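Everything numeric here is computed off the predicted structure, so don't read it as measured data.
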Amino acid sequence: MKNDLRALVAEAVGALVRAGELPEVAAMEAQIERTRDPCHGDFSSNVAMVLARQAGRRPRDLAERIVRALPASELLEKVEIAGPGFINFHLRAQALQALVTRILAAGESYACDRSGQRGRILVEYVSANPTGPMHVGHGRGAAYGDSVCNILAATGWAVHREYYINDAGRQADILALSVWMRYLERCGEDLPHPRRAYPGDYIRASAARILETDGPRYRCAAAEVLHDLPEEPVAADGASEAEKADAKAGQESYLDVLLQRARALLGEDFAVIRQRALADQLAEIRSTLDEFGVHFDQWRSERELVEEGYVRTAVAKLEAAGHVYALDGAKWLRTSAFGDEKDRVLFKADGSATYFANDLAYHVHKLERGFRHLMDVWGADHHGYIARVRAAIEMLTGRKDALQVQLMQFVTLSSGRMGKRSGNFVTLKELIADAGKDATRFFYLTRSHDQHLEFDVDLARAQTNENPVYYVQYAHARICSVFRQLREKGITWDQVAGEKRLNALCEPHEQALLSTLSRYGEILESASQQREPHQLAHYLLQLATDYHAYYNAHRFIAAPEDARDARLNLCAATRQVLRSGLAMLGVAAPETM
RNA sequence: GCGCCUGUAGCUCAGGGGAUAGAGCAUCGGCCUUCUAAGCCGGUGGUCGCAGGUUCGAAUCCUGCCAGGCGCGCCA
């Protein structure tokens, strides 16, 4: 509809140019927009104000000429000039009424393009480290990524959803060590848990499972484990920042020493324990995501990627291209030549690969699988990481724009319980159990991902009318209820008759509802282009508002017979859009509440 | 110190060049013998962080300040 109007305006401007009333201007920079106030019609354009200067006329003057040059259209009731020079378009009631039939005919594919013809896109999201349960920050990325994928898939993209498993590297080793220490403890060994090892109860649970299935075969005497180990440094109460930092660094190196000891004592079993621990954490993450309604097409293991040689190959190519140099025993990538702040290490002095080296190879691997468009959903704390990955991609493919990164700003809980390595943070699972999947997802998705989010736990868990998620769901349930009542009263809904009587939908409430329904496609497209599901969430709140107002102002079942079917058609169309929209957000559309 | 994000109603947030700045919660007042009151109707509440600038027009763009968050590892 918007495009139809844009074409009309373009034609009018073109006519004026040909008539010499307008200079050959840079085509159409003017916008057609939805109006905020219904008094201003359905759409308005600022062309006249934008072109006034070039035309050498006053905006309202030019607006009049444009309006006169406008081709006739059956969409339009009237066109008015208002304010400083706006051209306001009032649609004919008929133009909106016809929408009802289109929505009902298309059903769940209404306003959707599932052809995938826009191209293939690989979206990587969540990718939470399998070193512990998911927390509320991960939940935001999960809800966002899943919903963006739904929206992309509905707007012409062939979407591939992927989770990158960080199962290589130091964090995974620390996880293994943490589990082993708890395992030894459970075997009866008396030894202190390192301060910077993972502390949570889930570590104990994992240790207990290993002891149960494998028995004490990984047991070593505490004295053997701790033999000749230095004391773990501790910052005293009231220590300065510098002292605390020192202690922290000391604790990290203590951990490294302990890791070496564990490898020495366990040999190949260290890897066995690591795999078991990772599998436990991954299982927990999968089950949480399952509950949250988030599913992936593929789970890609970092370790496998390394073993399959992708890192070696990618780095070899970078070396061949002359982007790699050695310094201080490490291998560096010259990312600063491609927009990064400084160069980055690929291989540390001890020969091990950095996370970056593996991740770079992973991204190249994504592109090699034929995805021209990559999208990553990361926490805002990874911001500084974007430039180096982009740089590496550009070095290998010459493409600057292949990777789009969406950063999720931080989540805090209204009840103020956060924190990470402390071991007692609020997990996503707890939040879902508390507030429910639907409320949790809706709360995450109503805010822009670009915005810090304070999650109002009390409001989300409220099973009352205070909770906004029910507002939208209730609109859907209400419509379902209308149709149930209809059946119970033995009244048949004649959809075809309704289609013929759509001109009965002329009440202001009906016009408002129709107008909102007509925006659905525009919202989907905008949410898709800008990767902003919150636009859809806000739209659904508006649609529910319009429906509730309509519901309270008019009768459907008890309506005069000639209007009844048309109104029921409108109800059914509204239900369809609510259902489709909620599905994109991953929120249920209940039939009763 | 440098980079990124943010500052809009009491609280949580939409709006990101256009016409009197919006929603939810909170608060105050109305509406259930009639299809679900998890609803509707109405009221209170804002110098859009501050100061300049750009223009027909700035909450929106630019500059500078102030305040908060996050980064600035041979961690991941």
> Does the side chain of A:R478 get closer than 4.0 angstrom to OP1 or OP2 of B:rA37 through an N or O atom?
Replying inline: yes
> Of all the nucleotides listed (B:rC40, B:rC5, B:rA76), which has the minimum atom distance to the side chain of A:H548?
Replying inline: B:rC40
> When you compare B:rG22 with B:rG46, how far apart are their C1' atoms, in angstrom units rounded to a whole number?
Replying inline: 11 Å
> Counting only Watson-Crick or G-U wobble pairs whose two distances fall under 3.5 Å, which nucleotide matches B:rG17?
Replying inline: none
>> Side-chain N or O of A:K348 versus OP1/OP2 of B:rA76: is the shortest distance under 4.0 Å?
In response: yes
> How are the rings of A:Y550 and A:F556 set relative to one another: parallel (under 30°), tilted (30 to 60°) or perpendicular (over 60°)?
Replying inline: tilted
> How about A:F455 and A:F443: are their ring centroids closer than 6.0 Å?
Replying inline: yes
> For the side chain of A:A82, counting heavy atoms from C-beta on, which of B:rA19, B:rG3, B:rU12 is nearest?
Replying inline: B:rA19
> Watson-Crick or G-U wobble partner for B:rG39, using a 3.5 Å limit on both distances?
Replying inline: B:rC31
> Using atom C1' of each nucleotide, how far apart are B:rG53 and B:rG15 to the nearest Å?
Replying inline: 24 Å
> Less than 3.5 Å between a donor and an acceptor, one on the side chain of A:D381 and one on the base of B:rA76, is that the case here?
Replying inline: no
> For atom P, what is the distance between B:rU44 and B:rU8, given to the nearest Å?
Replying inline: 22 Å
> Given the rule in the side-chain contact (heavy atoms from CB on, under 4.5 Å) test, do A:R6 and A:I32 qualify, once you have shown the distances and angles that lead to the verdict?
Replying inline: CA-CA 6 Å; A:R6 189 175 287 125; A:I32 304 279; 4.0 Å; yes
> Considering Watson-Crick and G-U wobble pairs with both distances under 3.5 Å, what does B:rU60 pair with?
Replying inline: none
> Between A:E252 and A:R170, is there a side-chain N and carboxylate O pair less than 4.0 Å apart?
Replying inline: yes
>> Please tell me whether A:D546 and A:Q542 have a donor and an acceptor in their side chains that are separated by less than 3.5 angstrom.
In response: yes
> Mind checking who B:rG46 pairs with, Watson-Crick or G-U wobble, both distances under 3.5 Å?
Replying inline: none
> Closest to the A:S448 side chain: B:rA14, B:rA21, B:rU6?
Replying inline: B:rA14
> If you measure from the ring centre of A:F86 to the centre of the six-membered ring in the base of B:rA19, is it under 5.5 Å, with the planes under 30° apart?
Replying inline: yes
> For A:N129 and A:A549, take the nucleotide of RNA chain B holding the closest heavy atom to each; which residue's nucleotide lies nearer the 5' end?
Replying inline: A:A549
> Is there aromatic stacking of A:H534 against B:rA14, centre distance under 5.5 Å, plane angle under 30°?
Replying inline: no
>> Checking contacts here: which listed nucleotide (B:rC74, B:rA14, B:rA19) is nearest the side-chain heavy atoms of A:K342?
In response: B:rC74
> At under 4.0 Å, does any side-chain N or O of A:Y471 touch on OP1 or OP2 of B:rC40?
Replying inline: yes
> Are OP1 or OP2 of B:rA14 and a side-chain N or O of A:Q451 less than 4.0 angstrom apart?
Replying inline: yes
> Counting only Watson-Crick or G-U wobble pairs whose two distances fall under 3.5 Å, which nucleotide matches B:rA9?
Replying inline: none
>> Would you measure the distance from the P atom in B:rC13 across to the matching atom in B:rG57 and give it in whole Å?
In response: 34 Å
> How many Å lie between NE2 on A:H452 and P on B:rU12, as a whole number?
Replying inline: 13 Å
> Under a 3.5 Å cut-off for both distances, is B:rG3 Watson-Crick or wobble paired, and to whom?
Replying inline: B:rC70
> Looking at the side chain of A:F410, which of B:rC70, B:rA59, B:rU20 is the nearest nucleotide?
Replying inline: B:rC70
> A:Y551 ring centre to A:R478 NZ or CZ under 6.0 Å, with the angle to the axis within 45°?
Replying inline: yes
> Quick one: on RNA chain B, does A:L486 or A:A330 contact a more 5' nucleotide (nearest heavy atom)?
Replying inline: A:L486
> In whole angstrom, what separates A:D458's CG from B:rC11's P?
Replying inline: 17 Å
